[in-house]
Visitor: 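Sharing a structure here in structure tokens format.
To find a chain, count down the sequence lines: A is the first, B the second, and so on, and within it residues start at 1. Side-chain atoms are counted along with the backbone in the values below, which use heavy atoms only and exclude waters and symmetry mates.
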2 protein chains.
Amino acid sequence: MDTAPNGIGSMLWMPLVKRVRQPFLGQWALPGGGLRADHSLEQSAYAALESTTSLHPRYLEQLYTFGDPARSHGGLPMVSIVYWALVGGADAQTEPVEGNNVKWFPVDNLPELAFDHRAIIDYALSRLRGKIEYPQVVTRLVGERFTLSQLHDVYEAVTGEAIDLANFRRKMLSSGQLEDTGEKLRVGRNRPAAVYRYVQSALRQFSSWDYSVNQSNHGSHATGNDVLAALTTV
Amino acid sequence: MDTAPNGIGSMLWMPLVKRVRQPFLGQWALPGGGLRADHSLEQSAYAALESTTSLHPRYLEQLYTFGDPARSHGGLPMVSIVYWALVGGADAQTEPVEGNNVKWFPVDNLPELAFDHRAIIDYALSRLRGKIEYPQVVTRLVGERFTLSQLHDVYEAVTGEAIDLANFRRKMLSSGQLEDTGEKLRVGRNRPAAVYRYVQSALRQFSSWDYSVNQSNHGSHATGNDVLAALTTV
DNA sequence: CCAAAAGTGTTCTGTCTACACCCATGG
DNA sequence: CCATGGGTGTAGACAGAACACTTTTGG
């Protein structure tokens, strides 16, 4: 995939779905699906995303709940509960098989969107930027084990701006949250880089209901160059 | 009201309601109410809080939506949409009239709570701490016009720790977000303090759906010593 | 003049930034 | 031996913490 204009190596991408009914027929929109009585909200969101995009996200978090009376038709107010997901580089290798109605877009070049989905995406991105410091979050994007360069690429993709690699590396290492696995990873013909992971205590240190679901991980390594995210509505 | 143990002058308080039915009969819980078809979620939350506690909050924000299948009875999953409110010192003067089933508690000394309401409160507090920098938020607690000492008290109450007043004052003034109103406020027989307000641009600078509702304000001044917050469920 | 809160100055320390530099590797 | 990314050193700018100090007021 492409490289971003400014000195940034990686890019955030997300899948959109072309609407097949009114309103906004033919426009791009966030993937979505219905609520299921015997499932948690997270499970319903996961299913909605999976069925429309074939993604198996490793991170799923509730974003916001919308309940505008203008959307209601008669009885109860219509409520949309929006989730967002992160998909790591490893999963991505199998994904970009785009279905007929699904297409991946870089977040800095999105098409016109249906409803208020553009605003939802902007809000999700600001939340993501605020949380990128959390190991639980960044791990979903870069994988369990990673080099400092890979971690650096994810930070740049998420923040959208260039970060000095030398300073980044020092900051990360001095945080005490990373440990050297002893492994080396060679990219191309260059000097092999040390492979790190977050220490257990860093991964555990979070309190809220975020990061609750889908802790299953398939032992994958981050190798791709791009960073993927998805939003879904229930 | 009391003074906190450590050098902190003000305290965060919140209202709880004693449950009058099963489950958790007799236990303390967050105020709550039902959803209304012809109202937005915010309006419903506002109504729920108002009817149980007689509060007219000046700040209302969506916290999280719960939808555990374990809560369901048959049909659709039962969903709770939690909002939180901030109530400034001025409003407070009329409030602490506690109804039979409503009582105010300092957040560092809450009773046993029904359901998972304790966890909800903890999450709300961490969110509040993260947002206390935003003029839109702090203004709801301290009022439109305030002295630097009052602002300082709010910061201490919310963060729960002592903050050096001299440094605090410099930081605030150098931020460029405050402007001197020219007014003076005398407390007791001491030197009068300058009264400040946030500049318009600072109050406008926010993006998300938070801070959307209930912009009505009754031109009140913060004079009380305590800071109040409320959570409600819909 | 005293107490108490308002408000100012100064020093110290740690963190962020920019950028020069050295190291390891395969071709 | 050279190009490329991995990795280290260092000097200046800046922001926060600690705390001594001065000012204004009513009693």
Side-chain angles (χ1 to χ4, degrees), chain A residues 3-4 6-10 89 129 132-133 142 145-157 159-197 221-225, chain B residues 3-4 6-10 89 129-130 132-133 142 145-197 221-225:
Chain A
T3 296
N6 39 353
I8 302 179
S10 297
R129 289 188 188 112
I132 192 60
E133 304 283 344
V142 79
R145 293 152 175 270
F146 46 82
T147 69
L148 286 174
S149 288
Q150 290 171 332
L151 193 62
H152 173 252
D153 284 353
V154 167
Y155 268 71
E156 281 193 341
T159 62
E161 46 196 45
I163 300 170
D164 184 294
L165 179 56
N167 295 328
F168 177 81
R169 123 187 256 92
R170 250 187 305 264
K171 187 180 168 188
M172 286 299 145
L173 291 178
S174 68
S175 75
Q177 298 201 317
L178 296 182
E179 66 185 354
D180 194 332
T181 64
E183 297 173 47
K184 298 287 176 186
L185 179 65
R186 178 166 305 132
V187 178
R189 67 184 178 292
N190 300 310
R191 174 175 177 177
V195 174
Y196 293 86
R197 70 173 150 239
H221 288 254
T223 54
N225 225 11
Chain B
T3 296
N6 39 353
I8 302 180
S10 296
R129 289 188 188 113
I132 192 59
E133 302 285 343
V142 79
R145 293 151 176 271
F146 45 84
T147 69
L148 285 175
S149 289
Q150 291 171 331
L151 192 62
H152 172 251
D153 284 352
V154 168
Y155 268 70
E156 281 193 340
V158 168
T159 62
E161 47 197 45
I163 299 170
D164 184 291
L165 180 55
N167 294 328
F168 177 81
R169 124 187 254 93
R170 250 187 306 266
K171 186 179 168 187
M172 285 299 145
L173 290 178
S174 67
S175 75
Q177 297 199 319
L178 296 182
E179 66 184 355
D180 193 332
T181 63
E183 298 173 46
K184 298 286 177 188
L185 179 65
R186 177 166 306 133
V187 177
R189 67 184 178 290
N190 301 311
R191 175 176 178 177
V195 174
Y196 294 86
R197 69 173 150 238
H221 289 256
T223 53
N225 225 10

Visitor: Mind jotting down which residue pairs meet the ring-ring contact (aromatic ring centres under 6.0 Å, His included) criterion with at least one end in residues 157-197 of chain B? Sequence neighbours excluded, please.
Guide: B:His152-B:Phe168, B:Tyr155-B:Phe168
Visitor: Can you tell me the distance, in whole Å, between the NE2 atom of A:His152 and the P atom of D:dG5?
Guide: 13 Å
Visitor: Would you kindly give the CG-to-P distance between B:Asp164 and D:dC21, to the nearest whole Å?
Guide: 16 Å
Visitor: Side chain of B:Glu156, backbone of B:Ser10: donor and acceptor closer than 3.5 Å?
Guide: no
Visitor: Please check this pair: side chain of A:Arg197 against backbone of A:Glu179, looking for a donor-acceptor N/O pair closer than 3.5 Å.
Guide: no
Visitor: Would you say the side chain of B:Leu165 lies within less than 4.5 Å of the side chain of B:Ser149, judging by non-hydrogen atoms?
Guide: yes
Visitor: Go along nucleotides 7-16 of chain D 5' to 3' and tag each nucleotide: B for a protein heavy atom under 4.0 Å from its base, S when only backbone or sugar atoms are that close, - otherwise.
Guide: SBBB------
Visitor: Between which nucleotides of DNA chain C, read 5' to 3', does contact with chain B run, using atoms under 4.0 Å from its heavy atoms?
Guide: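 Here the contact window of chain B covers C:dA4 to C:dT10.
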Visitor: Distance check, rounded to the nearest 0.5 Å: A:Met172 atom CE versus A:Leu151 atom CG?
Guide: 5.5 Å
Visitor: In whole angstrom, what separates B:Arg189's CZ from D:dG26's C1'?
Guide: 7 Å
Visitor: Do the non-hydrogen side-chain atoms of B:Leu148 and B:Leu178 ever get within less than 4.5 Å of each other?
Guide: yes
Visitor: Give me the atom names and distance for the closest heavy-atom approach of A:Lys184 to A:Pro192.
Guide: CB-CB, 4.0 Å
Visitor: Determine the minimum heavy-atom distance between A:Val195 and A:Asp180, stating which atoms define it.
Guide: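 Minimum heavy-atom separation between A:Val195 and A:Asp180: O-OD1, 3.4 Å.
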